[in-house]
Protein chains: 2
Amino acid sequence: MINFTLRQLRYFEALARYGHFGRAAEAAAISQPALSMQIKELEDSLGIALFERGPKGVRLTGFGEAFAERAREILRSVDELEDLARASRDRLVGRLRIGVIPTIAPYLLPTIIHELTRANAGLDIYVRETLTNNLIRELGDGRIDAAIVALPVSEPSLTEVALFTENFVLVRPVADAGRPVPSADMLREMRLLLLEEGHCFRDQALSFCNIPSARPREGLDASSLSTLVQMVGAGIGVTLIPEMAVAVETRSASVAIARFDEPQPARTVGMVWRKTSPLARQLLRISEIVRESAAALPTPVA
Amino acid sequence: MINFTLRQLRYFEALARYGHFGRAAEAAAISQPALSMQIKELEDSLGIALFERGPKGVRLTGFGEAFAERAREILRSVDELEDLARASRDRLVGRLRIGVIPTIAPYLLPTIIHELTRANAGLDIYVRETLTNNLIRELGDGRIDAAIVALPVSEPSLTEVALFTENFVLVRPVADAGRPVPSADMLREMRLLLLEEGHCFRDQALSFCNIPSARPREGLDASSLSTLVQMVGAGIGVTLIPEMAVAVETRSASVAIARFDEPQPARTVGMVWRKTSPLARQLLRISEIVRESAAALPTPVA
DNA sequence: TTTTCATGATAAGAATTCCTGATGATCAAT
DNA sequence: ATTGATCATCAGGAATTCTTATCATGAAAA
């Protein structure tokens, strides 16, 4: 059974380079007998001589030369692998799989993807956009590395850090623009358009209005904030959207935006990952980048 | 200082493959704690986690996957290197540099090169044709691996093995064809054509005639047996050639060949190499191939 | 919940490997 | 012959690696 070690390859390389046990041993920072033994062991395990010993030094055999060529290549690969490790130690490298809920993704992702790739060249970012429940499950399965969702998640196996808090604003037809801002109770009596079941934002909006989320509601639910705003523009009703969505969603729709009186409805957005994730340190740094990116987004004047 | 071992790489590969310490340890034929320790050591030396531990097994991190890809490549190269060693153990491989003296080379080389490459596919044969002195020097310098010369060489640092003994035959003009074969003493009085100084064959011929080789001689010396035979054909004199040369050299010249009476002049041809050469075993086998090749050569009828 | 099971980590001692320093053997040059 | 240089060998000790036994943790089952 042939079985040499990287150490032997390194010693071999030194001896091939110097052609002299004493000097090669010095270069390898070991004693000459240690080098002799390792070379001998290497040759024995290979069953073929690598060097021809002479009184004035040693010389590679024909096989030794072929061996040296491949050995150097292996040592080079090993060095590169070590370099890769060194370079990856603090930087995030390779693949980052991040999940984001649909009511955040379209507004936050362009910025944070840009910031992350800028800060970490060579980082491949995969994005998964789906409902919170799915994200939590995929996080547990190791299908994604982190998720950006509304807090709290309250999974003991997950670490969660808050990123920012955002208010919800009222979206109503332009005709209503000047009218007073309705209270939560008034809102309950209005025709309130909401997202489909499963979106946490739907539950948050209902909660603000003190409406039990289980209660069946008349009217169609929308599958995206964009659709909701279009429906408001068509005069079907009113809705709430997170303020982060205002800039994007009201660009092409003729609707009026109004802030609620204090206490404004709001939600806390955070990032979560497995407590056991070895990326914990890097994920914490990423969460900071995301926080800064979010803070830099334009706030709607309302 | 990062410094991992091939062993760690192999263990890592097993764990990456099985995703389970126990099964990977079994596959690597070690205990589970031993695997745990080596993986931990590897991760510590890299300064970055390779696996994410979970209660139902382990999973590669993003960096772990990049690492695995390169690690597998390294392990593959190592395997190939071991294969190379195994394949080279008994077979002669790579480069064989062999020297042959000019009075043998043209007659023996075609056959033995053919035989050697047939027996050892992948063997590159380099041939050096020069005088014995040069061959011995180049042998000592490691510029060639073996030499085929007339014995004895009497260098204590060299191993010499006899290959075959060949007689010398007389080459004389066709007009002399029927005449009795001259004795060594008679030969001394005839016009004997010889090779230049430095050829051992010149000394061997002179020795047969009991002529001191130091004595200056009239007439031009030839640089090859071929020229000698041409000169005989032109009626300039007579000469001796090794019987191995007869078939080739008398093909196109009109000369007569005659064997001497016993004891016929002869020389022993052998192969020599450095005693320290690690190719010793293979060279001995090669010498046998050469011996057989020589024996198979057609003997002149004379 | 409590128990059980599976998984990886840790600890202690034994086995193995590796290294150092001293010495030996060989060869060449003086 | 003597000296100097070179590589091999040896013995003892240091370092590494392995095994067995045990622990800690979390998930599944009762």
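Computed over heavy atoms, backbone and side chain alike; hydrogens, waters and symmetry mates excluded. To find a chain, count down the sequence lines: A is the first, B the second, and so on, and within it residues start at 1.
- The distance between atom CZ of A:R59 and atom P of D:dC7, rounded to the nearest whole Å, is 12 Å.
- To the nearest angstrom, P of D:dA5 lies 20 Å from OH of A:Y18.
- Within the structure, side-chain hydrogen bond (donor to acceptor under 3.5 Å, both in side chains) pairs that include any residue of residues 45-68 of chain B comprise A:R95-B:E65, A:R274-B:E52, A:T276-B:E52, B:E43-B:R53 (at least two apart or interchain).
- Rounded to an integer number of Å, the gap from CD of B:E26 to P of C:dT7 is 12 Å.
- Every pair passing side-chain hydrogen bond (donor to acceptor under 3.5 Å, both in side chains) that includes a residue from residues 21-34 of chain B is listed here, sequence neighbours excluded: B:Q32-B:S36.
- Ring planes of A:F67 and A:F4: perpendicular class, angle over 60° (limits at 30 and 60°).
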Problem - Per-nucleotide protein contact string for nucleotides 8-24 of chain C (B base, S sugar-phosphate only, - none; heavy atom under 4.0 Å) - result: BBBB------SBBBB--

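- Applying the salt bridge (charged side-chain N to carboxylate O under 4.0 Å, His left out) test to residues at least two apart or on different chains, the pairs with a partner in residues 145-156 of chain B are B:R97-B:D145.
- Here B:D79 pairs with nothing under the salt bridge (charged side-chain N to carboxylate O under 4.0 Å, His left out) rule; sequence neighbours left out.
- Going from atom CD of A:E52 over to atom C1' of D:dT6 covers 15 Å, rounded to whole Å.
- Not counting sequence neighbours, A:R76 has no partner by the salt bridge (charged side-chain N to carboxylate O under 4.0 Å, His left out) test.
- Between the C1' atom of C:dC27 and the CD atom of B:E155 lies a distance of 14 Å, rounded to the nearest Å.
- For the pair A:L50 CG and D:dA8 P, the interatomic distance rounds to 12 Å; values are reported in whole Å.
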